[in-house]
Amino acid sequence: TTFFKKKTYSMFKFEKLEYIYKKWLVDSYRYRCTDDGELIVSSKGLTSNCELLDNGELLPRARSGHKAFFHAGAFYIYGGYKRGEDNTLRDVWRYYPLMHLWEKVESCTEIPSENLSCASTMVGDKMYLFGGSGADFGYTNSRKLYEIDLGTLSFSEVKYKNTDGIIPRPGYGYSLTHSAENKCLYLCCGIDGQVYEKKKFKFNLTNHTWSVMPPDNQSVTQRYRQEDFVWRQAWYVIGG
């Protein structure tokens, strides 16, 4: 059975997989299997630094301002910034909890450089990213919307059909969520480094147009880096 890209491993019996998983939960040990099916156990714990282990495995670099999500049994991290470097980290990593293994995922398209503190939400097998800043934080902001196909890890820019000034201002720290009922994305509160975006926006995934949400008696005060979600036809905004 193929577990990882370009690598084939022997399938264990269910009982052995269950034992490995339970032991991993208790010990936080590393489990790998070689091409011939041999199980390798190591007590080395994972670290967030980029580290080349004795077995040749490469771990992702330390970073901040990245995005993280879970899809199809694997945990992903995308983008970010490491202090002291001139550019953002334009990479995608995938982590398999059962095997305690990181894998760098190659994208078939170019990864956006303005990925620091961008807003994101998952819709089915697609991830949507809005805004974000480049390495010159707060001065190289974006207001583009990207769609990531999680099957191929390809990035494509969603072209807006309305250009009449309703598009949110370039910035970072926005929050993005979606409603499955009306096929819309909801964007709330960000900043361009100096000026807050106080408006709330709705993006229609069918006709690719932005609209401004009408004000109400409980309008969100200026903020950024908050979290939000839609539940039972209500939009909840937390923190910031």
Side-chain angles (χ1 to χ4, degrees), residues 63-71 75-81 88 92 112-134 137-148 150 155-240:
R63 64 191 66 204
S64 64
H66 55 284
K67 305 305 296 185
F69 57 94
F70 191 85
H71 175 69
F75 173 76
Y76 292 77
I77 60 172
Y78 153 71
Y81 175 76
T88 58
V92 180
S113 60
E114 296 86 3
N115 59 49
L116 301 183
S117 296
C118 63
S120 66
T121 188
M122 186 180 295
V123 182
D125 290 330
K126 298 183 184 299
M127 172 70 74
Y128 289 91
L129 305 170
F130 176 84
S133 180
F137 195 72
Y139 295 94
T140 51
N141 300 325
S142 169
R143 61 176 175 183
K144 295 179 180 179
L145 179 68
Y146 287 93
E147 178 186 275
I148 306 177
L150 297 178
F155 291 72
S156 59
E157 183 182 349
V158 180
K159 299 296 185 180
Y160 307 146
K161 291 186 177 180
N162 62 325
T163 57
D164 51 4
I166 300 179
I167 303 173
R169 72 172 71 234
Y172 58 91
Y174 284 96
S175 58
L176 186 67
T177 187
H178 79 283
S179 170
E181 296 179 1
N182 58 13
K183 297 181 180 180
C184 288
L185 303 179
Y186 293 89
L187 185 76
C188 180
C189 296
I191 191 171
D192 65 4
Q194 295 180 332
V195 180
Y196 287 95
E197 176 62 88
K198 300 178 183 179
K199 297 176 182 177
K200 296 176 290 183
F201 296 86
K202 179 171 67 174
F203 182 76
N204 191 305
L205 289 172
T206 302
N207 59 25
H208 290 187
T209 58
W210 287 100
S211 59
V212 179
M213 301 290 290
D216 52 47
N217 294 330
Q218 295 180 336
S219 295
V220 179
T221 57
Q222 62 184 22
R223 65 184 71 191
Y224 71 113
R225 289 178 176 167
Q226 66 284 334
E227 298 294 337
D228 63 350
F229 61 93
V230 172
W231 185 61
R232 292 187 177 179
Q233 299 182 341
W235 185 5
Y236 295 84
V237 179
I238 305 173

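Note that this is a predicted model, so its numbers are computed, not measured.
- Remark: Tyr174 pairs with Phe130 by the ring pair (Phe, Tyr, Trp, His ring centres under 6.0 Å) rule, at least two apart or across chains.
- Applying the ring pair (Phe, Tyr, Trp, His ring centres under 6.0 Å) rule to Tyr81 yields no partners; only residues at least two apart in sequence or on another chain are considered.
- Checked against the 6.0 Å centroid criterion, the rings of Tyr78 and Phe155 qualify as a close aromatic pair.
- In this structure, the separation between CD1 on Ile238 and CZ on Arg223 is 10.0 Å, given to the nearest 0.5 Å.
- Annotation: side chain of Ser211 is in contact with side chain of Lys202 (closest heavy-atom distance under 4.5 Å).
- Every pair passing side chain to side chain donor-acceptor pair (under 3.5 Å) that includes a residue from residues 230-240 is listed here, sequence neighbours excluded: Asp228-Trp235.
- When all heavy atoms of Met127 and Ser120 are compared, the closest pair comes out as SD-CB, 3.9 Å.
- Looking at residues two or more places apart in sequence or on another chain, you find a side chain to side chain donor-acceptor pair (under 3.5 Å) between Glu147 and Tyr128.
- Ring planes of Phe201 and Trp210: perpendicular class, angle over 60° (limits at 30 and 60°).
- Legend: residues meeting ring pair (Phe, Tyr, Trp, His ring centres under 6.0 Å) with His208, ordered by chain and number and at least two apart, are Phe203.
- To the nearest 0.5 Å, atom CE of residue Met122 and atom OG1 of residue Thr177 are 12.0 Å apart.
- In this view, Thr209 and Asn207 satisfy the side chain to side chain donor-acceptor pair (under 3.5 Å) rule, not counting sequence neighbours.
- Separating the NZ atom in Lys200 from the SG atom in Cys189 is a distance of 8.0 Å, to the nearest 0.5 Å.
- Evaluation of the side chain to side chain donor-acceptor pair (under 3.5 Å) rule for His178 yields Thr121 as partners, not counting sequence neighbours.
- Leu129 has its side chain within reach of Ile148: a pair of non-hydrogen atoms, C-beta onward, lies under 4.5 Å apart.
- At a threshold of 4.5 Å between non-hydrogen side-chain atoms, the residues Val158 and Leu205 do not count as touching.
- Put simply, CG on Asn204 and NZ on Lys161 are 9.5 Å apart, with the number rounded to the nearest 0.5 Å.
- In this view, Phe75 satisfies the ring pair (Phe, Tyr, Trp, His ring centres under 6.0 Å) rule with no residue, not counting sequence neighbours.
- Glu227 meets the salt bridge (charged side-chain N to carboxylate O under 4.0 Å, His left out) test with no other residue; sequence neighbours excluded.
- Leu150 is not listed as a side-chain neighbour of Tyr76, based on a closest heavy-atom distance of 4.5 Å or more.
- Residues satisfying the side chain to side chain donor-acceptor pair (under 3.5 Å) criterion with Ser133, sequence neighbours excluded, are Asn141.
- In this structure, the side chain of Lys183 does not engage the main chain of Thr206 through any donor-acceptor pair within 3.5 Å.
- For Arg63 against Gly79, the heavy-atom pair with the smallest separation is NH1-O, 2.8 Å.
- Closest heavy-atom contact between Leu116 and Ser64: CD2-O, 4.2 Å.
- The minimum heavy-atom distance between Ser113 and Thr88, with the atom names listed, is O-OG1, 2.8 Å.
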Donor-acceptor contacts under 3.5 Å from residues 191-198 side chains, at least two apart:
residue, atom, partner, partner atom, Å
Asp192, OD1, Gln194, N, 2.9
Asp192, OD1, Val195, N, 2.6
Glu197, OE1, Arg169, N, 3.4
Glu197, OE2, Lys199, N, 3.3

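- A donor-acceptor pair under 3.5 Å is absent between the side-chain atoms of Glu114 and the main chain of Lys144, judged by distance alone.
- Considering only residues two or more places apart in sequence or on other chains, Ser179 meets the side chain to side chain contact (heavy atoms under 4.5 Å, CB included) condition with Glu181, Asn182, Tyr186, Val230.
- Across all their heavy atoms, Gly80 and Asn115 have their closest contact at N-OD1, 3.1 Å.
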